[in-house]
**Student:** 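Structure in structure tokens, see below.
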Amino acid sequence: MINRKLLQYLCCPKCKFDLVKQDNFLVCKKCGEKYKIWHGIPILADLDNLSKHLRGQVKYFEREDKNRPGYRLREWQKSYLRRLRNNFLPKRNEVLIDVGTGSGYMAVEMAKESLITIACDLSIKELIKLKGVVEKKHLEKNLFLVCCSAENLPFKNKIADYLVSNAVLEHLPKEKRAIQEISRVCKSKSGLMITVPLNLKYVLPFFWPLNIIHDKKIGHLRRYSKKILEKKFGRCNFKIKKVFYTGHFIKVLGVLLQIFLKIYRLDKLLEDFDQKAENKKYGASNICVIFER
């Protein structure tokens, strides 16, 4: 059963008109397009006709997350939550959209703080798994799940006080379209968190081969710098408030050692090292930018 409160934020991804519930579907009032509701989650994307690249991405991450343990907030996730809270101080009943939610940690933790949170992803399997977490933590009243594409968001204009999209843009064939959609659904005064892989020229040369192999394996189509992100989002009137650099040498090396030696007790120590270097560009792997407008 879909929470009817969610309907006030949704629109048809094709024509951006209002949707109404009819049986187990959402139907567009204008174009008549029907969208299935599965396990209480509206599927507002044509999953059968995704591009070859996006189909591959969905399969890859579903396979990678198949054996993921139950919900657990990891140290690096706590760091991203800290960056969001410290820069925006989100308030009760403000709206946050988490585009490409994955495990859903950002949406879950913000919903705990009484924000109205919409977690969206292209994988219905991942969302069904996340639904179990939402129910277990009794967050159904203010955390809503939507299956959709970041390139064609099914949300009404100017509904989001905050939007988070971590590790998403680099996977999208229609990146420009996704940025336009992000701008459309954000309010005229809003906050934005974007995290993407850092341009290779700032990565230590020793790690170039590893990063190139990883990019190909995971489906990265591009990398970014502060200048590139500033230009792309500046066209939508977003201004940079703060920049963080993550995944520095010590952390990457520590993660690799944990994998090879099967030691999983260094997360806090490694994250502390990474936080101390989060203002240093050279030697990082990712860039996290806080925008506002």
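For clarity, every value in this text was computed on a predicted model and none was experimentally measured.
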**Student:** Please tell me if the side chains of E140 and V134 come closer than 4.5 Å, counting only heavy atoms from C-beta onward.
**Tutor:**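 Side-chain contact under 4.5 Å: yes.
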**Student:** Would a single hydrophobic cluster contain both L73 and M110, if residues Ile, Leu, Val, Met, Phe, Trp and Tyr are joined by side-chain heavy-atom contacts under 4.5 Å?
**Tutor:**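 Yes: a chain of side-chain contacts under 4.5 Å links M110 to L73.
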**Student:** In terms of relative ring orientation, are F88 and Y162 parallel, tilted or perpendicular, with 30° and 60° separating the classes?
**Tutor:**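 Ring orientation, 0 to 90° scale: tilted.
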**Student:** Distance check, rounded to the nearest 0.5 Å: W76 atom CH2 versus N286 atom CG?
**Tutor:**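 Spacing of CH2 (W76) from CG (N286) equals 9.5 Å.
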**Student:** Can you tell whether the side chains of D161 and K91 come within less than 4.0 Å, N to carboxylate O?
**Tutor:**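 The answer is no: the pair does not qualify as a salt bridge.
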**Student:** Is I37 reachable from Y35 through a run of I, L, V, M, F, W or Y residues, each pair having side-chain heavy atoms under 4.5 Å apart?
**Tutor:**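 Looking at the clustering, I37 is in the same group as Y35.
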**Student:** Any side-chain heavy atom of N211 within less than 4.5 Å of one from R223?
**Tutor:**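 N211 reaches R223 side chain to side chain.
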**Student:** Does either side chain, that of E278 or that of T246, offer a donor lying less than 3.5 Å from an acceptor on the other one?
**Tutor:**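 No donor-acceptor contact under 3.5 Å links the two side chains.
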**Student:** Tell me which donor-acceptor pairs under 3.5 Å the side chains of residues 192-209 have, and how far apart each pair is, sequence neighbours excluded?
**Tutor:**
from	atom 1	to	atom 2	distance (Å)
T195	OG1	N166	OD1	2.8
N199	OD1	K201	N	3.2
W208	NE1	L200	O	2.9
W208	NE1	V203	O	2.9

**Student:** If we ignore hydrogens and angles and just use 3.5 Å, is the side chain of K21 paired with the main-chain N or O of D23 as donor and acceptor?
**Tutor:**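 Confirmed, K21 side chain pairs with D23 backbone.
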**Student:** Could you check whether atom NZ of K158 has more than 12 heavy atoms from other residues, nucleotides or ligands sitting under 6.0 Å from it?
**Tutor:**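 Counting other residues, nucleotides and ligands, NZ of K158 exceeds 12 neighbours.
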**Student:** With a cut-off of 6.0 Å (strictly less than), are more than 12 heavy atoms of other residues, nucleotides or ligands near CZ of F273?
**Tutor:**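 Incorrect, the count does not exceed 12.
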**Student:** Backbone N or O of K280 within a donor-acceptor pair of the H248 side chain at under 3.5 Å?
**Tutor:**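 It does hold such a pair.
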**Student:** Between the side chains of K232 and E175, is the shortest nitrogen-to-carboxylate-oxygen separation below 4.0 Å, so that they form an ion pair?
**Tutor:**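 Salt bridge present between E175 and K232.
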**Student:** Is the number of heavy atoms from other residues, nucleotides or ligands under 6.0 Å of N86 CG greater than 12?
**Tutor:**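 Enclosed: over 12 neighbouring heavy atoms sit under 6.0 Å from CG of N86.
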**Student:** Taking all atoms of both residues into account, what is the closest heavy-atom pair of L10 and P42, and its distance?
**Tutor:**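 For L10 versus P42, the nearest heavy atoms are CD1-CG, 4.3 Å.
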**Student:** Can you check whether M106 reaches L84 side chain to side chain, under 4.5 Å on heavy atoms?
**Tutor:**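 M106 vs L84: side chains touch.
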**Student:** P173 and L221: which non-hydrogen atoms are nearest, and at how many Å?
**Tutor:**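 For P173 versus L221, the nearest heavy atoms are N-CD1, 3.6 Å.
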**Student:** Is there a path from V168 to I218 through hydrophobic residues (I, L, V, M, F, W, Y) whose side chains come within less than 4.5 Å of each other?
**Tutor:**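 They do not share one cluster, since no chain of ILVMFWY contacts under 4.5 Å joins V168 to I218.
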**Student:** Going by heavy atoms in the side chains, are L122 and L47 under 4.5 Å from each other?
**Tutor:**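 In short, these two side chains touch, coming nearer than 4.5 Å.
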**Student:** Is the shortest side-chain N to carboxylate O distance from R85 to E113 below 4.0 Å?
**Tutor:**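 Yes, this pair counts.
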**Student:** Hey, what do you get for CG (D46) to CG (N152), rounding to the nearest 0.5 Å?
**Tutor:**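 Here the rounded value is 11.0 Å.
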**Student:** Does K16 have more than 12 heavy atoms from other residues, nucleotides or ligands lying within 6.0 Å of its NZ?
**Tutor:**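 More than 12 within 6.0 Å, yes.
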**Student:** Taking all atoms of both residues into account, what is the closest heavy-atom pair of P90 and L115, and its distance?
**Tutor:**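 Of all heavy-atom pairs spanning P90 and L115, the closest is CB-CD2, 3.5 Å.
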**Student:** Does atom NZ of K112 have more than 12 heavy-atom neighbours, drawn from other residues, nucleotides or ligands, at distances under 6.0 Å?
**Tutor:**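 Yes, enclosed.
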**Student:** Determine, stepwise, if the pair F61 / D121 fulfils side chain to side chain contact (heavy atoms under 4.5 Å, CB included).
**Tutor:** CA-CA 11 Å; F61 286 105; D121 203 277; over 6 Å; no
**Student:** Determine whether the side chains of R293 and S183 contain a donor N or O and an acceptor N or O closer than 3.5 Å.
**Tutor:**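 Looking only at side-chain atoms, S183 and R293 do form a donor-acceptor pair, the distance falling under 3.5 Å.
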**Student:** Go through the steps to decide whether I41 and V146 satisfy the test side chain to side chain contact (heavy atoms under 4.5 Å, CB included), and finish with yes or no.
**Tutor:** CA-CA 6 Å; I41 302 170; V146 178; 5.7 Å; no
**Student:** Applying salt bridge (charged side-chain N to carboxylate O under 4.0 Å, His left out) to K78 and E109, what does each step give before you reach the verdict?
**Tutor:** CA-CA 10 Å; K78 293 177 184 178; E109 297 304 315; over 6 Å; no
**Student:** A quick test of your reading: do over 12 heavy atoms of other residues, nucleotides or ligands sit less than 6.0 Å from NZ of K59?
**Tutor:**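 Open: at most 12 neighbouring heavy atoms sit under 6.0 Å from NZ of K59.
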**Student:** Which heavy atom in A45 sits nearest to a heavy atom in C148, and how many Å separate them?
**Tutor:**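 Scanning both residues, the minimum pair turns out to be CB-CA, 3.9 Å.
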**Student:** Calculate, to the nearest 0.5 Å, the distance between atoms OG and CG belonging to S190 and L96 respectively.
**Tutor:**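 Here the rounded value is 11.0 Å.
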**Student:** Charged N to carboxylate O under 4.0 angstrom, E181 versus R184?
**Tutor:**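 The answer is yes: the pair qualifies as a salt bridge.
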**Student:** Find the distance between NZ (K226) and CD1 (I240) and round it off to the nearest 0.5 Å.
**Tutor:**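 These two atoms lie 5.5 Å from each other.
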**Student:** Show your reasoning for whether side chain to side chain contact (heavy atoms under 4.5 Å, CB included) applies to Y71 and K137.
**Tutor:** CA-CA 10 Å; Y71 184 81; K137 295 184 179 294; 3.4 Å; yes
**Student:** Looking at E33 and K14, is any side-chain nitrogen of the basic one under 4.0 Å from a carboxylate oxygen of the acidic one?
**Tutor:**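 Salt bridge present between K14 and E33.
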**Student:** Same hydrophobic cluster for V58 and W38, using side-chain heavy-atom links shorter than 4.5 Å among ILVMFWY?
**Tutor:**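 As far as the 4.5 Å side-chain criterion goes, W38 and V58 are connected within one cluster.
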**Student:** Do Q275 and S79 have side-chain atoms, one donor and one acceptor, less than 3.5 Å apart?
**Tutor:**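 The answer is yes; a qualifying pair exists.
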**Student:** To the nearest 0.5 Å, what is the distance between NZ on K281 and OH on Y245?
**Tutor:**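 Interatomic distance, K281 NZ to Y245 OH, rounded to 0.5 Å: 5.0 Å.
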**Student:** Relative to F25, does K34 satisfy both conditions: NZ or CZ under 6.0 angstrom from the six-membered ring centre, and within 45 degrees of the ring's axis?
**Tutor:**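 Geometry flag: set, cation within 6.0 Å and 45°.
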**Student:** Are H214 and H220 close enough that their ring centres sit under 6.0 Å apart?
**Tutor:**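 When the ring centroids of H214 and H220 are compared, they turn out to be within the sub-6.0 Å range.
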**Student:** Would you confirm whether K156, through its side chain, and Q8, through its main-chain N or O, come within 3.5 Å as a donor-acceptor pair?
**Tutor:**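 Yes, the answer is positive, given that a donor and an acceptor are paired below the 3.5 Å cut-off.
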**Student:** Does the side chain of V243 reach to within under 4.5 Å of the side chain of L229, using non-hydrogen atoms?
**Tutor:**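 Result no, sub-4.5 Å side-chain heavy-atom pair not found.
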**Student:** What do the steps show when you test L172 against H53 for side chain to side chain contact (heavy atoms under 4.5 Å, CB included), and what is the final call?
**Tutor:** CA-CA 8 Å; L172 302 178; H53 176 76; over 6 Å; no
**Student:** Between Y9 and L163, is there shared hydrophobic-cluster membership here, with clusters defined by ILVMFWY side-chain heavy atoms closer than 4.5 Å?
**Tutor:**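 Yes; tracing contacts between hydrophobic side chains, which count when under 4.5 Å, links both residues.
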**Student:** Quick check against the 3.5 Å criterion: does S114 have a side-chain atom that pairs as donor or acceptor with the backbone of R92?
**Tutor:**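 No, S114 side chain to R92 backbone: no donor-acceptor pair under 3.5 Å.
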**Student:** Does the separation of the ring centres of F233 and F291 fall below 6.0 angstrom?
**Tutor:**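 Yes; F291 has its ring centre under 6.0 Å from that of F233.
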**Student:** State, with a plain yes or no, whether a side-chain heavy atom of V99 is found less than 4.5 Å away from one of V164.
**Tutor:**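 No. Closest side-chain heavy atoms not under 4.5 Å.
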**Student:** Please say whether more than 12 non-hydrogen atoms of neighbouring residues, nucleotides or ligands are located less than 6.0 Å from NZ in K174.
**Tutor:**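 No, NZ of K174 has 12 or fewer neighbouring heavy atoms, counting only those of other groups under 6.0 Å.
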**Student:** Under 4.5 Å between any side-chain heavy atoms of C236 and Q180, yes or no?
**Tutor:**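 The answer is no; the side chains never approach within 4.5 Å.
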**Student:** Hey, does D215 have a side-chain heavy atom less than 4.5 Å from the side chain of I213?
**Tutor:**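 I213 does not reach D215 side chain to side chain.
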**Student:** Start with the C-alpha distance between E170 and R222, add both sets of side-chain angles, then the distance that settles salt bridge (charged side-chain N to carboxylate O under 4.0 Å, His left out), and finish with yes or no.
**Tutor:** CA-CA 5 Å; E170 67 271 24; R222 60 191 74 84; over 6 Å; no
**Student:** State, to 0.1 Å, how close R55 and L50 come at their nearest heavy-atom pair, and which atoms those are.
**Tutor:**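 Nearest heavy atoms, R55 then L50: NH1-O, 2.7 Å.
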**Student:** Do any N or O atoms from the side chain of E126 and from the backbone of S123 form a donor-acceptor pair under 3.5 angstrom?
**Tutor:**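 No.
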**Student:** Could you state the interatomic distance from CG (L44) to NZ (K36), rounded to the nearest 0.5 Å?
**Tutor:**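 Nearest 0.5 Å value for the CG-NZ distance: 13.5 Å.
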**Student:** Is a donor on one side and an acceptor on the other found under 3.5 Å between the side chain of S225 and the backbone of I228?
**Tutor:**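 Looks like yes, one N/O pair under 3.5 Å.
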**Student:** Measure across A111 and L143 and return the closest heavy-atom pair with its distance rounded to 0.1 Å.
**Tutor:**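 Minimum heavy-atom separation between A111 and L143: CB-CD1, 3.7 Å.
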